[in-house]
Every structure is written in C-alpha cells, then in structure tokens.
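Before any comments, here is the structure.
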Amino acid sequence: MKLQHGAATLVLGVQYGDEGKGKLVDVLAEQADLVCRVQGGNNAGHTIWVNGEKIVTQLLPSGILRENCEIGIGAGVVVDPFVLRDELKKVKSQGYDITPERLHVDYRASVILPYHKNLDLKRELERSKNTAKIGTTGRGIGPTYASRAYREGPRIAEISSPENFHAWLNANPHLKEGLETKVLDEFLETAEALRPYMKDLAMIANNRLAQGARVLLEGAQGAMLDVSFGTYPFVTSSNLVAGSCAGGLGIPPWKISNILGVIKAYSTRVGNGPYPAELFGDFADELRKRGNEFGTNTGRPRSVGWLDLVALRYLSRINGLTGLAIMKADVLSGIEHIGIITAYRDKRTQKEMVGYPMTQSAWENVEPVVEYVDGWECVANGLLLNKQYQAFIKKIEKYVDVPSVYISTGAERSEGLWV
Ligand code: GDP
Ligand code: IMO
Ligand code: MG
C-alpha cells in the first residue's frame, strides 16, 4: 500500500487491543514522514520484531525505528513523564537515539501524576470489594482523563517550567499526593529534560500535511475497549474510534484518507469484562502458548477466543474501515477446524439477538453462534496464500464488507504481504 502525500492514514485496533498495531505501523512507517500517537498512554504496549530483535513501544509511536520520519505524541494522549524518560533511555540503549528534532510532544497532552496512579489502584481495590474490577493496567490512565474532564489536571505545557507547575499544584493541592520532596525534585528534573520535546504538535502536523507529508496515526487499545462503543464499563477511558482520532492530534478529519482496522485471525482480551468469543480449557491454553498471548506491558496472560465477526462488522461501520490487516493466522496453522462467531444468541431466550448489546446484562447474556471452517497447514508458501486461508479471508471480507489489504504471516517486520 502506498501512503498518500498530504494525507493521514489511521491504524486502529478493532478487537480488544494487542492486535498487532505496532507491527503494522512499523511496516507502514517506512514510507511515512510523521507518525503520531493520538490517545491512550502507557497502557499500550506495541511490539516490533526486526531481525530477531524485539522492540516494545509504550508511549513512543512505533515509527521510532524509521529514522526518516518524525514522531509525535498528540494532545489526546496522557503522558507519564517518568515513563517517557525511561522509554527514551531504553530505546537509546537499543541503538535508537530520539532527538528533540524528531520527537514532538504536544503541549496539550495531559500529565499522569503519582496521584493518578494511586487513584487508579485505589478505585480498582474499591471495585473489587463491591463488584468486579476493570482490570486496568494500573498506569493512572482513567484518573488522568477524569482529571482533564474535571479541568484540574496539568498539561505538558504546565510542567515545562517549575514556576508554572508549582502554581498549578498550589491551585489543586490534592494533586501533590505522592509528590514528596524527593519525588518532586525528580519530577522537575525529568520535566526539564523533556522540555526540548514539548511543542505545538497540532500545528506541526498541519504544516507537514500542507507541505505534502505522509502522516500515520497510531491507534492504541482496540475498538471493543472504546469508552463509548466498547463493552462499557469494562473499557479504557478514551475514545479510540476513527472519528475521534483526528481530534487526538488536532488535524481535520477530512485529512484522513485511509482507515486500516487491525485484527488477529482469532481474538484475545486482557483485563475483565464480557468476551463472548472466549475459549477455555486445554485448547485455550494451547492457543495462548502458540500465540505467546501474555501482556506486552503487564505480562498478564490474555484470554483467547475465536474471531468475532458480529463485533467486527459493527465496529467496521462505526470506524468506517477502508481496509483490514489480518495478523497472526500462522498461530492457527495445523488446527483442523477454525471457529468464527457469526451471530449472537440470547442465553435466556435462545433466540438470536436483535441489534447490538447495549447494557451490561445484554453483554453477559450473549451466547456466541460459532461456525467452523477448514483450517490450514501453513499460511503462505512464498507469496502464495494457502487455499483454506484464502477462503477464511473471503468469509471475513464478505461478512464485514471491508477488503483485506495486509496479511501478516509472522511477527517479523518482513513477514507479511500487501494484497
Ligand atoms: P499491539 O498492542 O496491537 O501493537 O500488539 P502487541 O504488540 O501487544 O501484541 C501483538 C503480538 O503479536 C506481538 O508479540 C507481536 O510481535 C506479535 N505479532 C504481530 N503480528 C504477528 C503475526 O502475524 N504472527 C505472529 N506469530 N505474531 C505476530
Ligand atoms: P494496546 O495499545 C490490551 C485494557 C486493560 C483493561 C482496560 C482498562 O497494546 O493494544 P486502562 O489501564 O486503560 O484503564 O485499562 O483496558 N487495555 C488494554 N488491553 N491492549 C492495550 O493496549 C490495552 N490498554 C488498555 O487491560 O482491561
Ligand atoms: Mg499491545
């Protein structure tokens, strides 16, 4: 696929996160001039494999390895300065020195403070007493977005000088929790070190687009975790759908020319919440092992299940997907029959559900209708896709009415083909 000049391409997860967005963004970034994160924070963990070396990004966009492109962290992101500092250090140790000329962190991104992280953990503990916890990553993501909505949380611009930050804290004294002298000193030192990266990224992105740049927007999480369109309340705290991503950077929506939805050939979920496609028992354990389905970020084992076409079709419409990237079919190689969810039944009535689940109880009562298709021995021989796998792809395309554009055949950067 060729990235268009003067336009943006959006890469979105359309399951429960961890679809392989990092890999696709790295592949596309070869052609990009600017790659930006637009929402979420270091709840994300995006993996790239190059020649046997593994690189994981949390806050930095997955364009870091392509020295030809600039990278940005948009106004819609929540930034933990300590995490950004450590990530820059880590990628430097892997041979990628990210200069302030290359990385732009929008002044308007919200800042994660120790207070927010503590609150995240505290709220989860409270929830676990009354009801089920969300199973958050514990990074303070939700409380930081809440703090923004309360208009009390500082933004990156406010930590760019100690005077501004002190004034902000004095106006919102509860945010000082966890910022004892030693931590505060370290925080200010970190902010100072990050100051050269702080910019008006929205204006930079718009200028680049006007100059004909090819821009990539890297979604984090997946549409089933969108705060409005996901399995609420078991979701993350930001909007992830296509319609919100332009706003996470500050470019006009009409500048987005392509919206690529990333899916696995099966599905996974980490954290709590409804997951109609979930599989259990020995087969699930085997699939988890084959796919190495353990959190990139938190190391938690991911629940695994079949591909859910009901949710995918719904979310394809909401997001206006122009193409699908299908990842990890190699993990299913050698399995005789592959399941696909093609309808939702109501457990209580045994009737097919009409419409899409809107309440917690509706989600809890979804019983999946599973169809089985023939499996494949291997995904591709050279550039030729296996016949059974082609039939599987055709079924997805027909059901969701979106063409597949990229087929990933392994974790390595080089393992995949454009259709
Ligand atoms: P992201 O959060 O969407 O970027 O995805 P993660 O990096 O959290 O998880 C995806 C995992 O699948 C990573 O370990 C990738 O290296 C791996 N991966 C991506 N594409 C493929 C593929 O086609 N085949 C296999 N076997 N692994 C893949
Ligand atoms: P990437 O970008 C998978 C999940 C958490 C939890 C819920 C809320 O790597 O795909 P949060 O800390 O955001 O308040 O947690 O969302 N979650 C993810 N699951 N991949 C992610 O990111 C996720 N980011 C958050 O497990 O269920
Ligand atoms: Mg991930």
Side-chain angles (χ1 to χ4, degrees), residues 11-27 37-50 53-59 61-62 77-78 80 112 116-117 119-121 123-124 127 132-146 218-227 230-238 240 261-275 287 290-303 325-333 379-380 406-417:
V11 172
L12 288 179
V14 267
Q15 293 170 320
Y16 301 90
D18 303 328
E19 298 88 350
K21 300 174 291 293
K23 178 189 167 174
L24 184 68
V25 168
D26 168 67
V27 169
R37 281 282 306 273
V38 294
Q39 44 67 227
N42 62 311
N43 45 353
H46 298 178
T47 316
I48 308 163
W49 282 94
V50 187
E53 192 196 5
K54 179 180 172 180
I55 294 102
V56 175
T57 62
Q58 288 184 269
L59 259 175
S62 299
V77 179
V78 290
D80 184 328
I112 302 180
H116 299 115
K117 280 200 288 194
L119 190 55
D120 197 356
L121 300 176
R123 288 197 53 95
E124 284 283 87
R127 277 192 68 103
K133 56 180 187 171
I134 308 284
T136 71
T137 57
R139 307 286 152 96
I141 309 293
T144 305
Y145 278 116
E218 176 176 355
Q221 290 80 56
M224 291 296 271
L225 296 173
D226 179 280
V227 68
T231 53
Y232 188 88
F234 296 95
V235 292
T236 191
S237 43
S238 59
L240 326 168
V262 189
I263 56 167
K264 286 175 186 167
Y266 50 102
S267 64
T268 61
R269 174 166 199 159
V270 60
N272 293 334
Y275 183 18
L287 190 52
R290 280 170 173 240
N292 191 24
E293 298 296 356
F294 297 90
T296 307
N297 203 333
T298 56
R300 292 179 292 178
R302 297 170 181 156
S303 304
I326 308 179
M327 324 296 278
K328 297 193 91 162
D330 54 297
V331 172
L332 300 178
S333 295
V379 173
Y406 181 75
I407 306 295
S408 180
T409 56
E412 271 283 335
R413 176 191 270 175
S414 57
E415 293 176 304
L417 41 121

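Numbers here simply count residues along the sequence, with the first being 1. Whatever order the structure lists ligands and atoms in, that order sets their numbers, starting from 1.
In this structure, Leu121 and Thr136 have side chains that are not in contact, with every pair of non-hydrogen atoms separated by 4.5 Å or more. Side-chain atoms of Asp26 and Trp49, non-hydrogen and from C-beta on, never get closer than 4.5 Å to each other.
The number of heavy-atom neighbours closer than 6.0 Å to OH of Tyr232, taken from other residues, nucleotides and ligands shown, is 12 or below.
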Next item on the list: Before giving the answer on side-chain hydrogen bond (donor to acceptor under 3.5 Å, both in side chains), spell out for Tyr16 and Thr231 the whole-Å C-alpha distance, their side-chain angles and the decisive distance to 0.1 Å.
Entry: CA-CA 10 Å; Tyr16 301 90; Thr231 53; over 6 Å; no
Margin query: Between His116 and Ile141, does the side-chain contact (heavy atoms from CB on, under 4.5 Å) criterion hold? Intermediate values first, please.
Written below: CA-CA 8 Å; His116 299 115; Ile141 309 293; over 6 Å; no
Check: Run the salt bridge (Lys or Arg N to Asp or Glu O under 4.0 Å) check on Arg302 and Asp18 step by step: do they pass?
Finding: CA-CA 10 Å; Arg302 297 170 181 156; Asp18 303 328; 3.1 Å; yes
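Under the 3.5 Å distance criterion, with hydrogens and angles disregarded, no donor-acceptor pair is assigned to the side chains of Thr298 and Thr137. There is no side-chain donor-acceptor pair under 3.5 Å between Thr409 and Glu415.
Within 4.0 Å of ligand 2, protein heavy atoms belong to Tyr16, Gly17, Asp18, Lys21, Asn43, Ala44, Gly45, His46, Ile134, Gly135, Thr136, Thr137, Ala220, Gln221, Leu225, Val235, Thr236, Val270, Gly271, Arg300, listed by chain and number. Within 4.0 Å of ligand 1, counting heavy atoms only, the contacting residues are Asp18, Glu19, Gly20, Lys21, Gly22, Lys23, Gly45, His46, Thr47, Trp49, Thr296, Arg302, Met327, Lys328, Asp330, Val331, Ser408, Thr409, Gly410, Ala411.
Between the Lys328 side chain and the Gly291 main chain, a donor and an acceptor come within less than 3.5 Å of each other. Judged by distance alone, the side chain of Lys23 and the main-chain N or O of Gly410 form a donor-acceptor pair under 3.5 Å. With hydrogens and angles disregarded, no donor-acceptor distance shorter than 3.5 Å links the side chain of Glu218 to the backbone of Lys21. In this structure, the side chain of Asn297 engages the main chain of Asn43 through a donor-acceptor pair within 3.5 Å.
Excluding waters, the count of protein N/O/S atoms less than 2.8 Å from the Mg ion (ligand 3) comes to 2.
In this structure, the salt bridge (charged side-chain N to carboxylate O under 4.0 Å, His left out) partners of Arg290, at least two apart in sequence or on a different chain, are Glu286.
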